[in-house]
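What follows is a set of notes on a single structure, which appears directly below.
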Amino acid sequence: QVQLVESGGGLVQPGGSLRLSCTSSQNIVRLKTLGWYRQAPGKQRELVADIGFSGNINYADSVKGRFNISKDSRKDMVFLQMNSLKPEDTAVYYCYADQLGAYRRELKYWGQGTQVTVSS
């Protein structure tokens with residue numbers, strides 16, 4: 001069973017930076033997409049960024065120009081570099097991996113989440 005673990009969260013002042021990492025317990029065969037969601041209390045889950053097998057990248061409009069997603073395909077790791085952080089970026093950040101399973105089925109794996117708090 002694939003297990004994902006996030007790290008790198010913490011408390012940072014507005015305008016600061018954090019780098020989140022997500023590691024997989026094992027190699028993910030037929031990996032399709034890696035990415036990051038976030039969820040603040042009382043708000044719906046938001047897709048922050050994802051990166052596909054071929055390296056194509058999508059960003060939420062709210063983080064475009066400030067965040068950068070990258071991956072290490074050899075190790076099935078995904079990173080999120082967060083710059084110019086704002087208080088509204090405060091949330092629990094979850095990494096995920098999409099796997100292409102049998103019979104054209106897509107499987108999604110989730111990390112446990114890491115807290116990011118942006119405050120003076």
Side-chain angles (χ1 to χ4, degrees):
Q1 185 74 23
V2 172
Q3 303 288 339
L4 303 179
V5 179
E6 304 95 337
S7 63
L11 175 64
V12 65
Q13 293 184 338
S17 298
L18 285 174
R19 181 176 173 86
L20 305 183
S21 299
C22 177
T23 61
S24 175
S25 62
Q26 59 183 283
N27 175 256
I28 306 174
V29 297
R30 300 181 300 277
L31 178 64
K32 181 181 179 182
T33 306
L34 294 166
W36 295 88
Y37 278 83
R38 68 184 181 186
Q39 188 166 28
K43 297 183 179 180
Q44 66 180 25
R45 184 185 63 183
E46 175 188 24
L47 177 63
V48 178
D50 61 29
I51 181 166
F53 175 80
S54 61
N56 53 299
I57 294 172
N58 298 293
Y59 292 103
D61 289 340
S62 58
V63 307
K64 196 172 300 181
R66 299 188 297 119
F67 290 11
N68 184 46
I69 188 171
S70 61
K71 67 176 181 177
D72 183 337
S73 297
R74 182 174 57 87
K75 299 180 179 180
D76 291 339
M77 297 178 63
V78 62
F79 310 92
L80 187 68
Q81 178 66 46
M82 305 184 295
N83 302 312
S84 301
L85 283 163
K86 305 174 181 179
E88 50 263 44
D89 295 318
T90 296
V92 177
Y93 285 70
Y94 300 89
C95 71
Y96 76 93
D98 283 333
Q99 179 186 47
L100 182 62
Y103 307 108
R104 302 172 67 181
R105 179 188 178 193
E106 291 188 13
L107 304 174
K108 188 182 292 291
Y109 301 95
W110 294 92
Q112 85 288 348
T114 185
Q115 177 70 47
V116 172
T117 302
V118 185
S119 179
S120 299

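Worth saying up front: this structure is predicted, and the values here are computed from it rather than measured. By convention here, the first residue in the shown sequence is residue 1.
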Hey, does [Y] have a side-chain heavy atom less than 4.5 Å from the side chain of [X]?
| X | Y | result |
| --- | --- | --- |
| Ser24 | Val2 | yes |
| Glu6 | Trp36 | yes |
| Phe79 | Met77 | yes |
| Leu47 | Tyr96 | yes |
| Phe67 | Met82 | yes |
| Val116 | Leu20 | yes |
| Gln1 | Gln3 | yes |

Practice task
Before giving the answer on side chain to side chain contact (heavy atoms under 4.5 Å, CB included), spell out for Ser17 and Val12 the whole-Å C-alpha distance, their side-chain angles and the decisive distance to 0.1 Å.
Solution key: CA-CA 7 Å; Ser17 298; Val12 65; over 6 Å; no
Problem - Gln26 atom CD: more than 12 heavy-atom contacts under 6.0 Å - result: yes
Exercise for the section: Return yes when atom NZ of Lys108 has more than 12 non-hydrogen atoms of other residues, nucleotides or ligands closer than 6.0 Å, and no otherwise. Expected result: yes
Taking every non-hydrogen atom, the tightest pair across [X] and [Y]:
| X | Y | answer |
| --- | --- | --- |
| Thr117 | Gln115 | OG1-NE2, 3.4 Å |
| Val5 | Gln112 | CA-OE1, 3.5 Å |
| Cys95 | Leu4 | SG-CB, 3.8 Å |
| Tyr59 | Lys64 | O-CE, 3.9 Å |

Handout entry: Cluster check Leu107, Tyr94: I/L/V/M/F/W/Y, side chain < 4.5 angstrom
Key = no
Practice task
Verify the cluster assignment for Leu85 and Ile69: are they in a single hydrophobic cluster under the rule of side-chain heavy atoms below 4.5 Å apart?
Solution key: yes
Practice task
Evaluate the side-chain hydrogen bond (donor to acceptor under 3.5 Å, both in side chains) criterion for residues Ser62 and Glu46: first the C-alpha distance (whole Å), next the side-chain angles of each, then the deciding distance (0.1 Å), finally the verdict.
Solution key: CA-CA 10 Å; Ser62 58; Glu46 175 188 24; 3.0 Å; yes
Exercise for the section: State whether a side-chain donor-acceptor pair under 3.5 Å links Tyr109 with Gln99. Expected result: yes
Point-to-point distance, once rounded to the nearest 0.5 Å, from [atom1] of [X] to [atom2] of [Y]:
| X | Y | atom1 | atom2 | answer |
| --- | --- | --- | --- | --- |
| Asn27 | Asp76 | CG | CG | 5.0 Å |
| Asn83 | Asn68 | CG | CG | 8.0 Å |
| Lys43 | Glu88 | NZ | CD | 7.5 Å |
| Asp72 | Thr23 | CG | OG1 | 11.5 Å |
| Leu18 | Leu11 | CG | CG | 8.5 Å |
| Thr33 | Leu100 | OG1 | CG | 10.0 Å |

Problem - SB check Lys86 Asp89 (cutoff 4.0 Å) - result: no
Exercise for the section: Answer yes or no: is there a donor N or O on one side and an acceptor on the other, between the side chain of Lys71 and the main chain of Phe53, under 3.5 Å? Expected result: yes
Completion exercise
Tested for side-chain contact (heavy atoms from CB on, under 4.5 Å) against Arg38, the lone hit among Thr114, Thr90, Val63 is Val63
Exercise for the section: Over 60° means perpendicular and under 30° means parallel, so classify the ring planes of Tyr37 and Trp110, tilted if in between. Expected result: tilted
